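See below for the structure under consideration.
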Number of protein chains: 2
Amino acid sequence: MQSRSPASRTGRPRSAAADAAILAATRAALVELGWSKLTLGDVATRAGVAKTTLYRRWAGKNELVVDAVAELFDELELPDSGSLAADIEGVVLQFATILARPEAKSGLMAVVSEATRDDALRERIRASVVERQKRLVLAGRSRAQARGELPPEPDAEAAARTADLIFDMVAGAVVHRTLVSAEPADEEWVRSFTRVLLQGLT
Amino acid sequence: MQSRSPASRTGRPRSAAADAAILAATRAALVELGWSKLTLGDVATRAGVAKTTLYRRWAGKNELVVDAVAELFDELELPDSGSLAADIEGVVLQFATILARPEAKSGLMAVVSEATRDDALRERIRASVVERQKRLVLAGRSRAQARGELPPEPDAEAAARTADLIFDMVAGAVVHRTLVSAEPADEEWVRSFTRVLLQGLT
DNA sequence: GCGTTACGCTACGTCTCGTAGCGAAAGCCC
DNA sequence: GGGCTTTCGCTACGAGACGTAGCGTAACGC
């Protein structure tokens, strides 16, 4: 969602239902057609809105798909399973499950690819997907430090670097396993991965 | 390159120079235009061939870019630096350097995205990029095992699984760091990453 | 009711796609 | 050299998506 200018309190308000319908239609189109064959005209028809309405809210296909996919990851939550290993396994498995869905698979990588030449788009992805879910890493770590499973970081900067590294390793490995190797990131794989990661962090 | 039927020994042979020119033109177009704005007509013009010639050799944009990008990774080689940590750091840094190039960035992720709905394309990627470079993991490991830095695997199946896991972790982390986090995978980052990975494997 | 903004609809020029058809060129074999 | 086969360059084409403009209507706040 782009921040509409807060001064605009007059006139007909934008339909929130239309936003939801458009994003849902985008995901449905991603499932059926994939990124490359998805057209904005088709999305508009599915959502029951005019094509012009769609263009008034999003700059293009890229921004629309980022918003549609970002919602998928909001259902992630950190389980409170008592041990760091189980916490990581739980979150990684959830992440893998979401990423296995076709709308996430074909949508996410496509916009990441586009973002290599579009700074604004990359920032949009970072803010609405990555930074939003980094909370899981931070919460899991502080919980583990309270239990004494992880050593405290020497300073704030090092803590941020480590969190970034963990995020890159977790997200990267799951994405590569799922999309490139095209093998399921199932429980057995998650256990092996967690063991390597956890042993490396202590 | 698709395997032309070996029985066709008659007629005018295909120009090998044209193949090279097309792949080079594809990389140049990826640099200047990126994936989404790259058109096959433009590539043909750059390469100095007719558009029809291009369609006679490749099924479409996806296959062409896979071949063009795959060549980039052939320059990877395993340094013989004496220790496993230095070997890994060297390869990861090479990989990161290649991936930082714009033609690799925008091309690779785009075809991976397309491959989520195209089994043949995914297999093409796997064969010409992933499987081709997995040699580095295998060579590095056997060398480290000979030096006693890594324990021998119990059986062949477990060895293959571990190799796959390592590949997913290395490639995934570098890709995520470079493309999503959009931070350089420089020497400092590579050292941190290698430390975590290596400690997790022993 | 009045001003303002969002909406649906239609129409349009532009671009890329992928293919078809043609004559010419470049090899092999006799 | 002549014939056969396949590739090549070129042109042209219909199809489809893009993104925008213009218009009349609908929905809100004051």
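Computed from a predicted structure; not experimentally measured. Lettering follows sequence order; numbering is per chain, from 1.
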Next on the checklist: Check this for me: does any side-chain nitrogen of one of A/R191 and A/E188 sit under 4.0 Å from a carboxylate oxygen of the other?
Outcome noted: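 Not counted as a salt bridge, because no side-chain N and carboxylate O are separated by less than 4.0 Å.
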Checklist entry - Hey, is A/D118 close enough to A/R124 for a salt bridge, meaning N to O under 4.0 Å? => result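 No, no charged N to carboxylate O under 4.0 Å.
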Distance, rounded to the nearest Å, where [X] contributes [atom1] and [N] contributes [atom2]:
X	N	atom1	atom2	result
B/L54	C/dT19	CG	C1'	14 Å
A/W58	D/dC18	CH2	C1'	18 Å
B/L64	C/dC17	CG	P	11 Å
B/Y55	C/dT19	OH	P	7 Å
A/L40	D/dG16	CG	P	18 Å
A/L38	D/dC18	CG	C1'	13 Å
A/K37	C/dC17	NZ	C1'	13 Å
B/E63	C/dG18	CD	P	10 Å

Next on the checklist: Does D/dG9 have OP1 or OP2 under 4.0 Å away from a side-chain N or O of B/T53?
Outcome noted: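 Yes.
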Next on the checklist: Could you check whether the side chain of B/R12 and the base of D/dT7 have a donor-acceptor pair of N or O atoms closer than 3.5 Å, going by distance alone?
Outcome noted: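 Yes, the side chain and the base share a sub-3.5 Å donor-acceptor pair.
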Checklist outcome for this item: By nearest-heavy-atom nucleotide on DNA chain D, the more 5' of B/S15 and A/G60 is B/S15
Checklist entry - Quick one: are B/R14 and B/D19 in side-chain contact, heavy atoms under 4.5 Å? => result no
Item to check | Most 5' of A/K51 and B/G41 on DNA chain C, judged by nearest nucleotide | outcome: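 With A/K51 and B/G41 compared, the 5'-side residue is A/K51.
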Next on the checklist: Heavy atoms from C-beta onward define the side chain here; which of D/dT7, D/dC18, D/dC10 lies closest to that of A/T39?
Outcome noted: D/dC18
Checklist entry - From C/dC7, D/dT6, D/dC18, pick the nucleotide closest to the side chain of A/R56? => result C/dC7
Next on the checklist: Determine whether a donor-acceptor pair (N or O, by modelled atom type, separation under 3.5 Å) exists between the side chain of B/S113 and the backbone of B/M109.
Outcome noted: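 No.
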Checklist entry - Touch check for A/T52, heavy atoms < 4.0 angstrom, all strands: base, sugar-phosphate only, or nothing? => result base
Item to check | Selection residues 28-52 of chain A - residue pairs positive for side-chain hydrogen bond (donor to acceptor under 3.5 Å, both in side chains), sequence neighbours left out | outcome: A/E32-A/R46, A/S36-B/E114, A/D42-A/R46
